[in-house]
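To keep things clear, I will list the structure first and then write my remarks on it.
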Amino acid sequence: MSAPAFAAAHSVSACLITKTDTNPFFVKMKEGAEAKAEEMGITLSSYAGKIDGDVETQIAAVESCIAAGAKGILITPSDGAALMPVIAQAREAGALVIALDTPFEPADVADATFATDNFKAGVLIGEWAAAKMGDTSAAKIALLDLNPSEVSVDYLRDNGFLQGFGIDIKDPTDIGDEDDERIVGNDVTNGNEEGGRTAMENLMQMDNGINVVYTINEPAAAGAYEALKSFGMEDQALIVSVDGGCPGVQNVKEGIIGATSMQFPLLMASMGIEAIAAFAKDGTKPQNTEGLDFFNTGVELVTDEPIEGIPSITSDEALEKCWG
């Protein structure tokens with residue numbers, strides 16, 4: 001590339017703002033964005049919250065991106081409602097704003113969303129758990145969610161699981177309002193292993209007969225397993241989750257997690273950078289998947305105990321696709 005052309009390409013700047021920089025999901029997302037930005041000659045600045053739910057840091061990051069004149073912002077919102085005013089400012093300033101993984105509410109707060117169908121991800125593991133258990137009348141379910149903010153990715157996965165398991169959900173945008181007696185309770189994990197362990201311990205104090213454990217992601221699932229194991233109850237409960245990170249897939253292979261729904265963060269991020277490049281070139285904006293208010297980047301069920309009628313791949317197959 002000639003020097004003038006190179007300089008022109010790098011005149012396009014973009015930002016990536018993730019919930020944290022420690023969760024393997026967001027680490028891989030950052031890798032995908034950086035690789036695609038380098039390939040396309042886009043200058044990328046990356047920011048992250050200190051912990052999942054740190055919306056103040058995300059707001060400050062968006063403000064920095066506006067001040068820097070970023071042409072596009074990719075963001076995994078920690079709290080969509082709190083971010084709405086600054087996202088509106090970014091769009092008014094001429095930036096293309098794309099939500100990754102976690103949709104805003106409503107979705108059109110951003111120009112586009114590239115995400116897993118999180119409700120479907122929950123449905124798949126719910127259907128698998130119900131089919132694996134057979135008679136679900138004696139189920140005692142622990143639900144390990146993300147945080148008290150109940151962001152969209154949180155309630156979509158939780159309610160998708162419940163529907164897949166065969167439990168009537170009430171408000172599809174709320175967590176914990178069901179009255180099915182099979183639900184022991186909900187607790188929050190902040191999406192990490194320590195939080196998963198603590199939440200599982202709390203719920204076991206409510207009922208030590210828990211035999212089905214839903215978790216928001218695989219780090220939380222690993223913590224739940226450690227809590228069960230510390231009481232010698234690791235074989236008592238089916239654990240299901242969402243993510244598809246390599247450590248989580250390995251936990252499926254080892255029998256720690258029964259099934260997980262794999263998502264594709266690298267694809268989300270690389271597509272986001274491509275969309276910013278297209279927007280910078282001629283103002284083109286991404287289109288949603290037909291029938292959805294976001295672009296669906298795909299989901300696959302991973303289990304070594306397949307159930308007829310529920311499409312899935314094995315842990316060995318998933319290890320060829322996993323991330324982190």
Side-chain angles (χ1 to χ4, degrees), residues 25 116-136 138-146 153-167 169 175 178 180 182-189 191-193 195-197 199-200 203-204 209-229 233-263 299-315 317-318 322:
F25 182 85
T116 306
D117 187 335
N118 283 293
F119 191 82
K120 181 179 179 181
V123 168
L124 285 171
I125 54 175
E127 289 177 340
W128 181 88
K132 180 66 179 171
M133 175 167 273
D135 179 5
T136 62
K140 294 186 176 183
I141 304 167
L143 296 151
L144 276 58
D145 299 303
L146 184 57
V153 67
D154 203 5
Y155 67 67
L156 287 168
R157 293 181 187 180
D158 179 294
N159 285 317
F161 165 80
L162 291 173
Q163 180 169 298
F165 196 82
I167 290 174
I169 55 176
I175 288 176
E178 289 75 28
D180 192 296
R182 292 173 291 179
I183 298 174
V184 172
N186 298 69
D187 206 340
V188 296
T189 66
N192 59 49
E193 188 168 339
R197 184 182 302 111
M200 191 71 239
L203 291 168
M204 288 172 65
I210 290 169
N211 53 17
V212 179
V213 180
Y214 154 85
T215 64
I216 178 67
N217 64 10
E218 292 156 1
Y225 175 81
E226 289 302 319
L228 288 163
K229 187 177 179 181
M233 298 177 179
E234 64 269 30
D235 296 326
Q236 174 175 295
L238 289 173
I239 300 177
V240 294
S241 195
V242 178
D243 254 356
C246 294
V249 173
Q250 186 62 36
N251 281 346
V252 172
K253 188 174 180 66
E254 295 171 4
I256 292 170
I257 297 174
T260 193
S261 287
M262 173 178 274
Q263 49 183 347
V299 61
E300 292 191 76
L301 183 70
V302 179
T303 183
D304 288 331
E305 301 175 67
I307 301 293
E308 186 176 355
I310 306 176
S312 64
I313 60 174
T314 66
S315 61
E317 291 173 308
C322 66

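Note that the numbering runs from 1 along the sequence shown for the chain.
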For this session: Given side chain to side chain contact (heavy atoms under 4.5 Å, CB included), test Glu218 with Thr260 step by step and report yes or no.
Result: CA-CA 8 Å; Glu218 292 156 1; Thr260 193; 2.7 Å; yes
Exercise. Looking only at atom types and distance, does a side-chain atom of Asp180 sit under 3.5 Å from a main-chain N or O of Arg182, one as donor and one as acceptor?
Worked result: yes
Exercise. Is there a side-chain contact between Leu228 and Met204 (heavy atoms, below 4.5 Å)?
Worked result: yes
Exercise. If you look at every heavy atom in Asp243 and Pro219, which pair is closest and at what distance?
Worked result: OD2-CD, 3.9 Å
Exercise. How close do Leu144 and Ala220 get, heavy atom to heavy atom, and via which atoms?
Worked result: CD2-O, 4.4 Å
For this session: State, with a plain yes or no, whether a side-chain heavy atom of Glu178 is found less than 4.5 Å away from one of Asn159.
Result: yes
Problem set entry | Heavy-atom check, side chain of Thr189 versus side chain of Asp145, under 4.5 Å | no
Problem set entry | Intermediate values then yes/no, side chain to side chain contact (heavy atoms under 4.5 Å, CB included), Thr314 and Val302 | CA-CA 6 Å; Thr314 66; Val302 179; over 6 Å; no
Exercise. Side chains of Met200 and Arg197: does their closest heavy-atom pair fall under 4.5 Å?
Worked result: no
For this session: Quick one: do Asp158 and Asn186 satisfy side chain to side chain contact (heavy atoms under 4.5 Å, CB included)? Show the steps, please.
Result: CA-CA 10 Å; Asp158 179 294; Asn186 298 69; 3.4 Å; yes
Exercise. Of all heavy-atom pairs between Gly258 and Val252, which one has the smallest distance, and what is that distance?
Worked result: O-CG1, 4.3 Å
Exercise. From Lys253 NZ over to Cys246 SG, what is the distance, rounded to the nearest 0.5 angstrom?
Worked result: 13.0 Å
For this session: State, with a plain yes or no, whether a side-chain heavy atom of Leu203 is found less than 4.5 Å away from one of Val213.
Result: no
For this session: Over all heavy atoms of both residues, which pair between Asn217 and Gly191 is shortest? Give the atoms and the distance, please.
Result: ND2-O, 3.0 Å
For this session: Determine, step by step, whether Phe161 and Ile141 satisfy the side chain to side chain contact (heavy atoms under 4.5 Å, CB included) criterion, reporting the C-alpha distance in whole Å, the side-chain angles of both residues, the deciding distance to 0.1 Å, and the verdict.
Result: CA-CA 11 Å; Phe161 165 80; Ile141 304 167; 3.9 Å; yes
Exercise. Going by heavy atoms in the side chains, are Cys322 and Met262 under 4.5 Å from each other?
Worked result: yes
Problem set entry | Side chains of Tyr225 and Ile257 in contact at under 4.5 Å (non-hydrogen atoms) | no
Exercise. Roughly how far apart are Asn251 CG and Ile239 CD1, rounded to 0.5 Å?
Worked result: 9.0 Å
For this session: Please examine the side chains of Leu146 and Val188, heavy atoms only from C-beta on, and report whether any two atoms are closer than 4.5 Å.
Result: no
Exercise. Quick one: does Thr303's side chain have a donor or acceptor within less than 3.5 Å of a partner on Ala259's backbone?
Worked result: no
Exercise. Quick one: salt bridge (Lys or Arg N to Asp or Glu O under 4.0 Å) pairs with a partner in residues 299-309, sequence neighbours left out?
Worked result: Lys132-Glu305, Glu300-Lys321
Problem set entry | Any donor-acceptor pair under 3.5 Å from Thr136 side chain to Ala139 backbone | no
For this session: Would you confirm whether Glu127, through its side chain, and Ile310, through its main-chain N or O, come within 3.5 Å as a donor-acceptor pair?
Result: no
For this session: Would you name the heavy atoms of Ile216 and Val153 that are closest together and state the gap between them?
Result: CD1-O, 4.0 Å
Exercise. Testing Ile125, Ile175, Val242, Thr215 for side chain to side chain contact (heavy atoms under 4.5 Å, CB included) with Arg157, which one passes?
Worked result: Val242
Exercise. Of all heavy-atom pairs between Tyr214 and Asp154, which one has the smallest distance, and what is that distance?
Worked result: OH-O, 4.2 Å
Exercise. So, does Thr116 use its side chain to make a donor-acceptor pair with the main chain of Gln263 at under 3.5 Å?
Worked result: no
